[in-house]
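Let me begin by presenting the structure, written as structure tokens, before commenting on it.
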Amino acid sequence: MRAMKKLSRKWKKSRRGEDEDGDDDRFSLPTRDDFHPMDTQEQEELVRSLEKAQAQQSLLWRRVFAAILFCYSLFLIYSIYQQTMSPWELRYHAYFMEEVHSWIIISADWAAVLVCSNAIAGLLLDSRSHRRWLWYSCFGGILVAAFWLYHMSRLSSFRWDIVWLPFGPLSGAGICLYVDHLLNESSEEVRKLRGYMYAYKGR
């Protein structure tokens, strides 16, 4: 990603120098060295290689964070199963035994699973609406966090060992949204490079 950004900045700087070098150098291109400008084929190969590298990195990181959230979802489903079969056996659920009914705890865990599912869909879906799923997960994460924080505030003492209940799903959704933003920025840099190449060809 850094290499793509550096190359893009180099291309932009070369365009800013047009007033000093004259109109013929308006769309000056990166060079193999200080004396041999890159021809059209080399430019195309460079841009294609950057596009391929960016696509591979994007897919890798999306799968990594989707896998992490999937594992967290499996853990939540296990918690739901335990709460259903043996209510209040898990310590982090038992804290709320006197505060809420068992089915409310189960519903909150299902809501957290839904938050994670939306974030996974937002990361992996190849469509224009994928960002919408990420925002849905963030808003859902806020609601889940508000639920748990409210009931945690009603406990006799604040339990730091269960702070992941409100902030786990919300943090996961927020991190996925940030990762998607970074990957989109990287993709935009590559598109700008191709745009500069086409502008040069059009002269």
Side-chain angles (χ1 to χ4, degrees), residues 1-2 5 54-189 191:
M1 294 183 186
R2 292 181 180 177
K5 290 183 178 180
Q54 192 279 330
Q56 291 175 341
Q57 290 181 9
S58 177
L59 182 60
L60 172 64
W61 287 112
R62 289 179 187 279
R63 286 178 174 176
V64 166
F65 283 94
I68 293 173
L69 275 184
F70 180 74
C71 292
Y72 183 62
S73 298
L74 291 180
F75 169 74
L76 291 173
I77 293 174
Y78 165 78
S79 296
I80 293 169
Y81 174 79
Q82 286 293 105
Q83 183 65 17
T84 302
M85 302 303 296
S86 304
W88 315 117
E89 184 176 286
L90 298 174
R91 185 177 63 177
Y92 50 85
H93 283 166
Y95 289 140
F96 305 95
M97 184 184 305
E98 305 297 330
E99 297 292 333
V100 294
H101 296 292
S102 178
W103 68 268
I104 296 179
I105 295 294
I106 293 172
S107 298
D109 284 344
W110 273 122
V113 172
L114 182 61
V115 168
C116 295
S117 299
N118 285 338
I120 292 172
L123 282 177
L124 298 182
L125 286 179
D126 187 14
S127 66
R128 293 182 179 180
S129 62
H130 79 278
R131 179 64 67 86
R132 187 183 308 167
W133 290 102
L134 292 172
W135 280 113
Y136 288 161
S137 68
C138 287
F139 294 142
I142 291 174
L143 295 177
V144 172
F147 167 83
W148 285 115
L149 287 174
Y150 170 74
H151 288 289
M152 288 172 66
S153 68
R154 293 167 60 90
L155 297 176
S156 58
S157 60
F158 191 84
R159 302 287 182 174
W160 288 101
D161 58 325
I162 57 173
V163 74
W164 57 270
L165 283 173
F167 295 116
L170 180 59
S171 297
I175 291 172
C176 288
L177 184 63
Y178 181 65
V179 168
D180 179 74
H181 171 71
L182 291 180
L183 294 175
N184 285 338
E185 275 193 343
S186 177
S187 179
E188 184 63 27
E189 292 293 335
R191 282 195 292 268

Mind checking whether [X] and [Y] have side chains closer than 4.5 Å, heavy atoms only?
| X | Y | result |
| --- | --- | --- |
| Tyr92 | Ser79 | yes |
| His130 | Asp126 | no |
| Glu185 | Glu188 | no |
| Phe65 | Leu69 | no |

Using 0.5 Å steps for rounding, measure from the [atom1] atom of [X] to the [atom2] atom of [Y].
| X | Y | atom1 | atom2 | value |
| --- | --- | --- | --- | --- |
| Leu149 | Leu165 | CG | CG | 9.5 Å |
| Ile104 | Asp109 | CD1 | CG | 12.5 Å |
| Tyr81 | Thr84 | OH | OG1 | 9.0 Å |
| Ser107 | Leu114 | OG | CG | 12.0 Å |
| Leu60 | Leu183 | CG | CG | 9.5 Å |
| Ser117 | Tyr136 | OG | OH | 15.5 Å |

I would like to know whether Met152 and Ile162 meet side-chain contact (heavy atoms from CB on, under 4.5 Å); could you show each step before the answer?
-> CA-CA 9 Å; Met152 288 172 66; Ile162 57 173; 3.9 Å; yes

What residue pairs, at least two apart or across chains, pass salt bridge (charged side-chain N to carboxylate O under 4.0 Å, His left out) with a residue in residues 64-76?
-> none

[X] to [Y] - nearest heavy-atom pair and separation:
| X | Y | answer |
| --- | --- | --- |
| Ala66 | Leu123 | N-CD1, 3.8 Å |
| Asn118 | Ser137 | CB-CB, 3.7 Å |
| Ala94 | Trp88 | CB-O, 3.5 Å |
| Ala111 | Val144 | CB-CG2, 3.8 Å |
| Leu177 | Cys138 | CD2-SG, 3.9 Å |
| Val115 | Gly140 | CG2-C, 3.4 Å |

Trp148 and its ring pair (Phe, Tyr, Trp, His ring centres under 6.0 Å) partner, picked from Phe167, Trp164, Phe96 =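 It is Phe96, the one option of Phe167, Trp164, Phe96 that forms the ring pair (Phe, Tyr, Trp, His ring centres under 6.0 Å) with Trp148.
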
Short side-chain to backbone donor-acceptor contact, Ser171 and Gly168, under 3.5 Å |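 No, the answer is negative, given that no donor and acceptor are paired below the 3.5 Å cut-off.
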
Can a donor-acceptor pair be found between the side chains of Asp161 and Tyr95 at a distance below 3.5 Å?
->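 Asp161 vs Tyr95: donor-acceptor pair found between side chains.
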
Does a side chain donor of either His93 or Gln83 reach within less than 3.5 Å of an acceptor in the other side chain?
-> yes

Report the residues that fulfil salt bridge (charged side-chain N to carboxylate O under 4.0 Å, His left out) with Arg131, sequence neighbours left out, ordered by chain and then residue number.
-> Asp180

Criterion side-chain contact (heavy atoms from CB on, under 4.5 Å) on Val113 and Ile80, from CA distance to verdict = CA-CA 10 Å; Val113 172; Ile80 293 169; 4.3 Å; yes

His101 and Trp103 aromatic ring geometry - parallel, tilted or perpendicular at 30°/60° bounds | parallel

Within a radius of less than 6.0 Å around CZ of Phe70, do more than 12 heavy atoms belonging to other residues, nucleotides or ligands occur?
-> no

Does atom OH of Tyr178 have more than 12 heavy-atom neighbours, drawn from other residues, nucleotides or ligands, at distances under 6.0 Å?
->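 Open: at most 12 neighbouring heavy atoms sit under 6.0 Å from OH of Tyr178.
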
